[in-house]
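As the structure lists them, so they are numbered: ligands from 1, and atoms in each ligand from 1. Along the sequence shown, residues carry numbers from 1. Side-chain atoms are counted along with the backbone in the values below, which use heavy atoms only and exclude waters and symmetry mates.
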Amino acid sequence: MMDASVPVVAVDGPGGSGKGTVCRLLARELGWHLLDSGAIYRATAIAAARRGIDAGDGAALAPLAAALDLVFEAPLDPADESLVRLDGVDVTGELRQETTGEQASRLAAIAEVREALLQRQRDFRQPPGLVADGRDMGTVVFPDAAVKVFLTASAEERARRRHKQLKEQGVSGSLTALLEEITARDARDQGRAVAPLVPARDAVVIDTTGLSVNQVADRLRELLERSTVYADKD
Ligand code: DC
């Protein structure tokens, strides 16, 4: 069960804003749990594709999402992303493909799907703390998070980062096509009626264009140190 006394750092923002890398670094340094909520939406998209369910079919997707057999496993190298097993099969590579992200963004616009995935995300809130990466961590999933940040970066910078990341994973692709995909996905994530991609009212917005991962992580640590989590320790 979720424990509301466990502190959460909620990190939201569009794809390529650097959230994933920063969250992984911060969680590792703090020794806290990590929630990669995008991976849950992506895994739902893969599960749907395997069963021939369309990413727009909410009635079929909601029970599928609720019953997802999904396991995150610690990677051999702690700097790497977690291994993700769906129905016992390693889907880590497929998870990161742009087509998976596109389908995830489509099904993420459906209210029943989001509802079906809510508790699964909240269950990651375990002692001593949680770093949560997503689109609606501060607005919907953990509205009582101790720290809320919203990371942004120009679309060009985000496309460049995604391109580099994909290249490191051995996936080639055109930068122009990526820029188009990222822009289209942002528009859908921002424009949807349920849990749209917007900063929480009390979120600190950080433009990460030109900032290194370490610089962004430093900012987050600073905010955490100033938050209620450590308020009693002064
Ligand atoms: O962060 P990501 O690229 O792995 O996310 C893939 C898609 O999943 C994203 O385009 C929108 C959706 N998503 C969401 O709606 N809410 C979240 N908390 C995380 C991801």
Considering heavy atoms of the protein only, find what lies nearest to [atom] and give residue, atom and distance to 0.1 Å.
{"atom": "atom 19 (C) of ligand 1", "value": "Ser37 OG, 3.4 Å"}
{"atom": "atom 12 (C) of ligand 1", "value": "Ala108 CB, 3.6 Å"}
{"atom": "atom 16 (N) of ligand 1", "value": "Arg114 NH2, 3.0 Å"}
{"atom": "atom 20 (C) of ligand 1", "value": "Gly38 CA, 3.6 Å"}

Sub-4.5 Å side-chain heavy-atom contact between [X] and [Y]:
{"X": "Leu166", "Y": "Glu98", "result": "yes"}
{"X": "Met137", "Y": "Lys19", "result": "no"}
{"X": "Leu151", "Y": "Val11", "result": "yes"}
{"X": "Gln103", "Y": "Gln97", "result": "no"}
{"X": "Ser17", "Y": "Thr152", "result": "no"}
{"X": "Glu73", "Y": "Arg85", "result": "yes"}
{"X": "Glu94", "Y": "Arg42", "result": "no"}

Consider every N or O of [X] and every N or O of ligand 1, then say whether any pair is closer than 3.5 Å.
{"X": "Tyr41", "value": "no"}
{"X": "Asp36", "value": "no"}
{"X": "Arg185", "value": "yes"}
{"X": "Asp136", "value": "yes"}

Please work out which of Arg42, Glu102, Arg135 has its closest non-hydrogen atom nearest to atom 17 (C) of ligand 1.
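Minimum heavy-atom distance to atom 17 (C) of ligand 1 goes to Arg135.
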Using 4.0 Å as the upper bound for N to carboxylate O, is an ion pair formed by Glu102 and Arg106?
->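 Salt bridge flag = no for Glu102 with Arg106.
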Which ligand 1 atoms, with their elements, are less than 4.0 angstrom from a heavy-atom of [X]?
{"X": "Lys19", "answer": "1 (O)"}
{"X": "Met137", "answer": "18 (N)"}
{"X": "Gly134", "answer": "18 (N)"}
{"X": "Asp189", "answer": "9 (C), 10 (O), 11 (C)"}

The answer for which part of Arg192 has a heavy atom under 4.0 Å from ligand 1 is side chain
Which one holds for Arg188 and ligand 1: side chain close, backbone close, both close, or neither close, with close meaning a heavy atom under 4.0 Å?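 Near ligand 1, Arg188 shows nothing, with every heavy atom at 4.0 Å or more.
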Self-check item: Glu115 atom CD, neighbour heavy-atom count above 12 within 6.0 Å
Solution: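 Atom CD in Glu115 is not packed in, count stays at 12 or less.
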Leu30 reachable from Val22 in the ILVMFWY side-chain graph, under 4.5 Å edges:
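Yes, Val22 and Leu30 fall within the same hydrophobic cluster.
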